[in-house]
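In what follows, residues are counted from 1 in the order of the sequence shown.
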Amino acid sequence: VTALDEAAALIQRGSRFLVGAHARPDGDALGSMLATMHGLRALGKTAIPWSRDRASEYLAGLPGARELTAKIDGTFDGVFLHDLSDAALLNDNFPAREITGPVVILDHHATSKPFGDIVVRDSSASAVGVIVARLLSRLGVAIDKNIAECLWCSLASDTGWFRYPATDVETLRLAADCVAAGAQPWAFARATEEEEPVERLQLLREVLKTLVVVGEPPRRCAFLTVSDTELSAARAQPDMSEGFVNYARGLKAVEVGVLLADTRRGVRVSLRSKGGIDVSAIAAAFGGGGHHNAAGCLLPIPVDEARKVIAEAVAAAPVKSSRPSPPPDGAR
Ligand SMILES: [Mn+2]
(Lines give C-alpha, C1' and ligand atoms only; values in the text may rest on other atoms or scores of the structure.)
Protein backbone atom coordinates (compact mmCIF):
# COMPACT_ATOMS: atom_id res chain seq x y z
CA VAL A 1 0.00 0.00 0.00
CA THR A 2 1.52 3.32 -1.04
CA ALA A 3 1.13 6.61 0.79
CA LEU A 4 -1.03 7.76 -2.13
CA ASP A 5 -3.39 4.79 -1.53
CA GLU A 6 -3.55 5.64 2.17
CA ALA A 7 -4.35 9.28 1.42
CA ALA A 8 -7.09 8.23 -1.01
CA ALA A 9 -8.54 5.80 1.56
CA LEU A 10 -8.60 8.53 4.21
CA ILE A 11 -10.62 10.72 1.86
CA GLN A 12 -13.05 7.92 1.03
CA ARG A 13 -13.62 7.15 4.73
CA GLY A 14 -14.07 10.75 5.90
CA SER A 15 -16.40 13.61 5.15
CA ARG A 16 -14.85 16.77 6.55
CA PHE A 17 -11.33 17.95 5.71
CA LEU A 18 -8.96 20.86 6.03
CA VAL A 19 -6.50 21.79 3.32
CA GLY A 20 -3.47 23.97 3.92
CA ALA A 21 0.04 24.84 2.85
CA HIS A 22 3.16 26.56 4.09
CA ALA A 23 2.97 30.10 5.45
CA ARG A 24 2.91 32.93 2.88
CA PRO A 25 1.75 30.46 0.20
CA ASP A 26 3.26 30.83 -3.27
CA GLY A 27 1.63 29.74 -6.53
CA ASP A 28 2.45 26.06 -6.06
CA ALA A 29 1.31 25.96 -2.43
CA LEU A 30 -1.92 27.85 -2.99
CA GLY A 31 -2.72 26.32 -6.39
CA SER A 32 -2.19 22.76 -5.18
CA MET A 33 -4.11 23.18 -1.91
CA LEU A 34 -7.08 24.75 -3.69
CA ALA A 35 -7.02 22.01 -6.34
CA THR A 36 -7.30 19.44 -3.55
CA MET A 37 -10.13 21.46 -2.00
CA HIS A 38 -12.11 21.50 -5.24
CA GLY A 39 -11.40 17.79 -5.75
CA LEU A 40 -12.71 16.94 -2.27
CA ARG A 41 -15.83 19.00 -2.92
CA ALA A 42 -16.37 17.21 -6.23
CA LEU A 43 -16.59 14.03 -4.14
CA GLY A 44 -19.25 15.63 -1.94
CA LYS A 45 -16.89 16.22 0.99
CA THR A 46 -16.60 19.36 3.04
CA ALA A 47 -13.22 21.02 2.48
CA ILE A 48 -12.04 24.19 4.20
CA PRO A 49 -8.90 26.06 3.13
CA TRP A 50 -6.95 26.93 6.29
CA SER A 51 -4.53 29.83 6.08
CA ARG A 52 -3.49 32.54 8.47
CA ASP A 53 -2.12 34.52 5.54
CA ARG A 54 -4.35 35.92 2.83
CA ALA A 55 -3.62 35.09 -0.78
CA SER A 56 -1.12 37.47 -2.40
CA GLU A 57 -2.84 39.99 -4.63
CA TYR A 58 -1.54 38.27 -7.78
CA LEU A 59 -3.08 34.93 -6.72
CA ALA A 60 -6.35 36.30 -5.32
CA GLY A 61 -8.19 35.46 -8.55
CA LEU A 62 -7.69 31.70 -8.17
CA PRO A 63 -10.98 29.88 -7.61
CA GLY A 64 -11.39 29.56 -3.84
CA ALA A 65 -8.54 31.93 -2.91
CA ARG A 66 -10.95 34.31 -1.21
CA GLU A 67 -12.22 31.53 1.07
CA LEU A 68 -8.94 31.20 2.97
CA THR A 69 -9.65 31.30 6.68
CA ALA A 70 -7.94 30.76 10.01
CA LYS A 71 -11.30 30.51 11.80
CA ILE A 72 -12.59 26.96 11.94
CA ASP A 73 -15.27 25.14 13.90
CA GLY A 74 -15.52 21.52 14.95
CA THR A 75 -13.16 18.70 14.16
CA PHE A 76 -11.96 17.15 10.93
CA ASP A 77 -11.30 13.73 9.42
CA GLY A 78 -7.88 14.84 8.19
CA VAL A 79 -5.82 17.73 6.91
CA PHE A 80 -3.90 17.89 3.64
CA LEU A 81 -0.79 20.06 3.79
CA HIS A 82 0.83 21.05 0.52
CA ASP A 83 4.36 22.00 -0.52
CA LEU A 84 5.50 21.67 3.07
CA SER A 85 8.63 19.79 4.10
CA ASP A 86 9.11 21.12 7.60
CA ALA A 87 6.57 21.71 10.38
CA ALA A 88 8.42 24.97 11.14
CA LEU A 89 7.15 26.38 7.82
CA LEU A 90 3.58 26.02 9.03
CA ASN A 91 2.09 28.99 10.79
CA ASP A 92 2.39 28.51 14.55
CA ASN A 93 -1.32 28.90 15.27
CA PHE A 94 -2.17 25.89 13.09
CA PRO A 95 -4.80 23.82 14.92
CA ALA A 96 -3.81 20.81 17.02
CA ARG A 97 -4.02 17.27 15.72
CA GLU A 98 -7.10 16.59 17.92
CA ILE A 99 -8.88 19.17 15.77
CA THR A 100 -7.41 18.38 12.35
CA GLY A 101 -7.31 14.58 12.47
CA PRO A 102 -4.54 12.73 10.59
CA VAL A 103 -1.99 14.97 8.88
CA VAL A 104 -1.33 14.17 5.21
CA ILE A 105 1.71 15.76 3.57
CA LEU A 106 1.71 16.26 -0.20
CA ASP A 107 5.19 17.51 -1.05
CA HIS A 108 8.07 17.48 -3.50
CA HIS A 109 10.99 18.75 -1.41
CA ALA A 110 14.01 16.50 -0.97
CA THR A 111 15.41 18.09 2.18
CA SER A 112 12.85 17.35 4.85
CA LYS A 113 12.38 16.98 8.54
CA PRO A 114 9.74 14.27 8.35
CA PHE A 115 6.39 14.93 9.97
CA GLY A 116 2.82 13.94 9.27
CA ASP A 117 0.87 10.68 9.51
CA ILE A 118 0.74 9.98 5.77
CA VAL A 119 3.56 11.42 3.66
CA VAL A 120 3.12 11.53 -0.11
CA ARG A 121 6.50 12.81 -1.21
CA ASP A 122 8.02 12.81 -4.69
CA SER A 123 11.09 14.99 -5.02
CA SER A 124 11.07 14.44 -8.79
CA ALA A 125 7.61 16.02 -9.18
CA SER A 126 7.92 19.41 -10.88
CA ALA A 127 5.15 20.87 -8.71
CA VAL A 128 2.87 19.66 -5.93
CA GLY A 129 0.02 19.99 -8.44
CA VAL A 130 1.39 16.89 -10.17
CA ILE A 131 1.01 14.93 -6.93
CA VAL A 132 -2.49 16.31 -6.33
CA ALA A 133 -3.46 15.27 -9.88
CA ARG A 134 -2.26 11.71 -9.14
CA LEU A 135 -4.39 11.66 -5.98
CA LEU A 136 -7.47 13.01 -7.76
CA SER A 137 -7.00 10.50 -10.55
CA ARG A 138 -6.78 7.69 -7.96
CA LEU A 139 -10.09 8.93 -6.53
CA GLY A 140 -11.73 9.12 -9.94
CA VAL A 141 -12.17 12.90 -9.78
CA ALA A 142 -12.22 14.49 -13.22
CA ILE A 143 -10.36 17.77 -13.68
CA ASP A 144 -13.01 20.49 -13.87
CA LYS A 145 -12.44 24.18 -14.60
CA ASN A 146 -11.73 25.14 -10.97
CA ILE A 147 -9.28 22.29 -10.48
CA ALA A 148 -7.69 23.06 -13.85
CA GLU A 149 -7.07 26.73 -13.02
CA CYS A 150 -5.55 25.83 -9.65
CA LEU A 151 -3.34 23.08 -11.07
CA TRP A 152 -2.20 25.36 -13.89
CA CYS A 153 -1.15 27.91 -11.28
CA SER A 154 0.81 25.25 -9.40
CA LEU A 155 2.54 23.94 -12.54
CA ALA A 156 3.32 27.32 -14.13
CA SER A 157 4.65 28.66 -10.82
CA ASP A 158 7.05 25.87 -9.92
CA THR A 159 8.29 25.05 -13.42
CA GLY A 160 9.04 28.71 -14.22
CA TRP A 161 6.52 28.59 -17.07
CA PHE A 162 7.54 25.05 -18.07
CA ARG A 163 11.29 25.54 -18.39
CA TYR A 164 12.96 24.16 -15.25
CA PRO A 165 14.61 20.73 -15.41
CA ALA A 166 11.81 18.87 -13.60
CA THR A 167 9.41 19.82 -16.42
CA ASP A 168 8.69 16.31 -17.72
CA VAL A 169 6.16 14.53 -19.88
CA GLU A 170 3.77 14.01 -16.94
CA THR A 171 3.85 17.75 -16.22
CA LEU A 172 3.17 18.72 -19.83
CA ARG A 173 0.40 16.13 -20.28
CA LEU A 174 -1.24 17.44 -17.10
CA ALA A 175 -0.84 20.99 -18.37
CA ALA A 176 -2.62 19.95 -21.58
CA ASP A 177 -5.40 18.32 -19.51
CA CYS A 178 -5.78 21.59 -17.57
CA VAL A 179 -6.12 23.63 -20.76
CA ALA A 180 -8.61 21.09 -22.11
CA ALA A 181 -10.64 21.54 -18.90
CA GLY A 182 -10.70 25.32 -19.16
CA ALA A 183 -7.46 26.73 -17.75
CA GLN A 184 -6.45 29.79 -19.76
CA PRO A 185 -2.67 30.28 -19.91
CA TRP A 186 -2.83 33.90 -21.00
CA ALA A 187 -5.51 34.85 -18.45
CA PHE A 188 -3.35 33.41 -15.68
CA ALA A 189 -0.17 35.05 -17.00
CA ARG A 190 -1.98 38.36 -17.29
CA ALA A 191 -3.30 38.20 -13.75
CA THR A 192 0.07 37.22 -12.29
CA GLU A 193 2.82 38.83 -14.34
CA GLU A 194 1.23 41.32 -16.69
CA GLU A 195 -0.48 43.50 -14.10
CA GLU A 196 2.45 44.44 -11.89
CA PRO A 197 2.11 47.42 -9.58
CA VAL A 198 4.36 50.31 -10.68
CA GLU A 199 6.07 50.13 -7.27
CA ARG A 200 7.40 46.67 -8.09
CA LEU A 201 9.33 47.96 -11.10
CA GLN A 202 10.52 50.92 -9.05
CA LEU A 203 11.68 48.46 -6.39
CA LEU A 204 13.54 46.47 -9.06
CA ARG A 205 15.33 49.68 -10.11
CA GLU A 206 16.52 50.19 -6.52
CA VAL A 207 17.41 46.54 -5.96
CA LEU A 208 19.48 46.35 -9.16
CA LYS A 209 21.74 49.06 -7.72
CA THR A 210 22.76 46.55 -5.01
CA LEU A 211 24.12 43.99 -7.50
CA VAL A 212 27.38 42.37 -6.37
CA VAL A 213 29.05 39.61 -8.41
CA VAL A 214 31.67 37.51 -6.62
CA GLY A 215 33.85 34.51 -7.42
CA GLU A 216 34.83 32.82 -10.66
CA PRO A 217 33.04 30.20 -12.76
CA PRO A 218 31.93 27.55 -12.06
CA ARG A 219 31.06 29.07 -8.68
CA ARG A 220 30.37 32.67 -9.67
CA CYS A 221 27.63 34.12 -7.56
CA ALA A 222 25.47 37.27 -7.97
CA PHE A 223 23.80 38.99 -5.01
CA LEU A 224 20.86 41.36 -4.92
CA THR A 225 19.68 42.92 -1.67
CA VAL A 226 16.36 44.35 -0.61
CA SER A 227 16.23 46.31 2.64
CA ASP A 228 14.24 49.21 4.05
CA THR A 229 16.41 51.56 1.96
CA GLU A 230 15.18 50.07 -1.32
CA LEU A 231 11.61 49.53 -0.09
CA SER A 232 11.15 53.12 1.05
CA ALA A 233 12.84 54.59 -2.05
CA ALA A 234 10.33 52.68 -4.17
CA ARG A 235 7.41 52.99 -1.71
CA ALA A 236 7.09 49.22 -2.17
CA GLN A 237 5.93 46.28 -0.04
CA PRO A 238 8.41 43.52 0.93
CA ASP A 239 6.58 40.81 -1.05
CA MET A 240 7.10 42.79 -4.27
CA SER A 241 10.67 41.48 -4.54
CA GLU A 242 9.31 37.99 -5.28
CA GLY A 243 11.21 36.57 -8.25
CA PHE A 244 13.95 39.21 -8.36
CA VAL A 245 16.47 36.49 -7.51
CA ASN A 246 16.09 35.20 -11.07
CA TYR A 247 17.70 38.39 -12.43
CA ALA A 248 20.79 37.54 -10.37
CA ARG A 249 20.95 33.95 -11.60
CA GLY A 250 20.22 34.95 -15.19
CA LEU A 251 23.63 36.58 -15.72
CA LYS A 252 26.28 35.22 -18.06
CA ALA A 253 28.75 32.90 -16.29
CA VAL A 254 26.88 33.23 -12.98
CA GLU A 255 25.99 29.86 -11.45
CA VAL A 256 24.12 30.97 -8.31
CA GLY A 257 21.82 33.97 -7.86
CA VAL A 258 21.05 35.18 -4.34
CA LEU A 259 18.47 37.61 -3.04
CA LEU A 260 19.05 38.86 0.49
CA ALA A 261 15.93 40.32 2.08
CA ASP A 262 16.66 42.21 5.28
CA THR A 263 13.68 41.66 7.60
CA ARG A 264 13.01 42.12 11.29
CA ARG A 265 13.49 38.39 11.87
CA GLY A 266 16.84 38.34 10.06
CA VAL A 267 18.07 38.08 6.49
CA ARG A 268 15.84 35.90 4.33
CA VAL A 269 18.14 34.27 1.78
CA SER A 270 16.77 33.03 -1.56
CA LEU A 271 19.18 30.90 -3.57
CA ARG A 272 18.83 29.92 -7.24
CA SER A 273 21.25 27.67 -9.10
CA LYS A 274 21.56 26.85 -12.78
CA GLY A 275 22.14 23.22 -11.75
CA GLY A 276 25.90 23.00 -11.19
CA ILE A 277 25.63 23.67 -7.46
CA ASP A 278 23.10 22.12 -5.05
CA VAL A 279 21.76 25.17 -3.24
CA SER A 280 19.46 23.06 -1.05
CA ALA A 281 22.61 21.70 0.64
CA ILE A 282 23.83 25.26 1.27
CA ALA A 283 20.43 26.30 2.65
CA ALA A 284 20.25 23.15 4.81
CA ALA A 285 23.63 23.99 6.37
CA PHE A 286 21.96 27.16 7.70
CA GLY A 287 18.76 25.49 8.87
CA GLY A 288 16.78 26.05 5.67
CA GLY A 289 15.98 23.82 2.74
CA GLY A 290 14.45 23.56 -0.69
CA HIS A 291 15.37 21.99 -4.00
CA HIS A 292 18.65 21.42 -5.88
CA ASN A 293 18.11 24.58 -7.94
CA ALA A 294 15.96 26.70 -5.59
CA ALA A 295 16.29 26.95 -1.83
CA GLY A 296 16.25 29.37 1.06
CA CYS A 297 17.17 29.99 4.67
CA LEU A 298 16.96 32.66 7.34
CA LEU A 299 20.15 34.14 8.83
CA PRO A 300 19.82 36.13 12.07
CA ILE A 301 22.85 38.33 11.25
CA PRO A 302 23.41 41.69 9.50
CA VAL A 303 23.01 41.70 5.73
CA ASP A 304 26.70 42.36 4.92
CA GLU A 305 27.68 39.37 7.03
CA ALA A 306 25.00 37.24 5.39
CA ARG A 307 26.44 38.09 1.96
CA LYS A 308 29.92 37.06 3.13
CA VAL A 309 28.74 33.82 4.73
CA ILE A 310 26.76 32.76 1.67
CA ALA A 311 29.57 33.74 -0.73
CA GLU A 312 31.93 31.54 1.28
CA ALA A 313 29.47 28.65 1.26
CA VAL A 314 29.07 28.87 -2.53
CA ALA A 315 32.85 29.15 -3.02
CA ALA A 316 33.25 25.91 -1.04
CA ALA A 317 30.35 24.02 -2.64
CA PRO A 318 30.97 20.90 -4.73
CA VAL A 319 30.30 21.42 -8.44
CA LYS A 320 28.26 18.91 -10.37
CA SER A 321 29.64 18.15 -13.83
CA SER A 322 27.52 20.00 -16.36
CA ARG A 323 28.51 17.58 -19.13
CA PRO A 324 25.45 15.61 -20.22
CA SER A 325 25.87 11.91 -19.46
CA PRO A 326 26.90 9.91 -22.55
CA PRO A 327 24.19 7.95 -24.35
CA PRO A 328 24.02 4.23 -23.51
CA ASP A 329 25.91 1.83 -25.81
CA GLY A 330 24.25 1.44 -29.15
CA ALA A 331 22.19 4.61 -28.77
CA ARG A 332 24.59 6.56 -30.99
MN1 LIG B 1 6.59 23.73 -4.66
Connected-component partners of Tyr164 among ILVMFWY, side-chain separation under 4.5 Å: none
Worked check of salt bridge (Lys or Arg N to Asp or Glu O under 4.0 Å) between Arg249 and Glu255: CA-CA 6 Å; Arg249 176 177 62 185; Glu255 181 58 36; over 6 Å; no
Whether Asn91 side chain and Phe94 backbone form a donor-acceptor pair below 3.5 Å: no
side-chain contact (heavy atoms from CB on, under 4.5 Å) assessment of Ile105 paired with Val120: CA-CA 6 Å; Ile105 305 295; Val120 184; over 6 Å; no
Polar contact flag, side-chain donor to acceptor under 3.5 angstrom, Asp53-Ser51: no
4.5 Å side-chain heavy-atom contact, Met37 and Phe17: no
ILVMFWY cluster, Leu271 and Leu211 together (side-chain gap under 4.5 Å): no
Only distances under 3.5 Å count here; give the side-chain donor-acceptor pairs of residues 8-15 to other protein atoms, sequence neighbours excluded, each with its distance to 0.1 Å.
residue: Ser15; atom: OG; partner: Asp77; partner atom: OD2; Å: 3.4

Val103 vs Phe80, side-chain contact (heavy atoms from CB on, under 4.5 Å): CA-CA, chis, key distance, verdict: CA-CA 6 Å; Val103 175; Phe80 292 80; over 6 Å; no
Pair Glu230 + Lys209: basic N to acidic O under 4.0 Å: no
From OG (Ser126) to CZ (Phe162), nearest 0.5 Å: 8.0 Å
Modelled atom types, side-chain donor and acceptor of His292 and Ser273, under 3.5 Å: no
Under the side chain to side chain contact (heavy atoms under 4.5 Å, CB included) test, residues paired with Asp26 that sit two or more places apart: His22, Asp28, Ala29, Asp83, Asp158
Student check: side-chain heavy atoms of Pro238 and Val226 closer than 4.5 Å: no
Between Gln184 and Trp152, a side-chain donor and acceptor under 3.5 Å: no
Backbone N/O of Ser232 and side chain of Arg235: donor-acceptor pair under 3.5 Å: no
Side-chain ion pair, Asp262 and Arg268, N-O less than 4.0 Å: no
Flag, side chain of Arg121 to backbone of His109, donor-acceptor distance under 3.5 Å: yes
Charged N-O contact under 4.0 Å between Arg41 and Glu67: yes
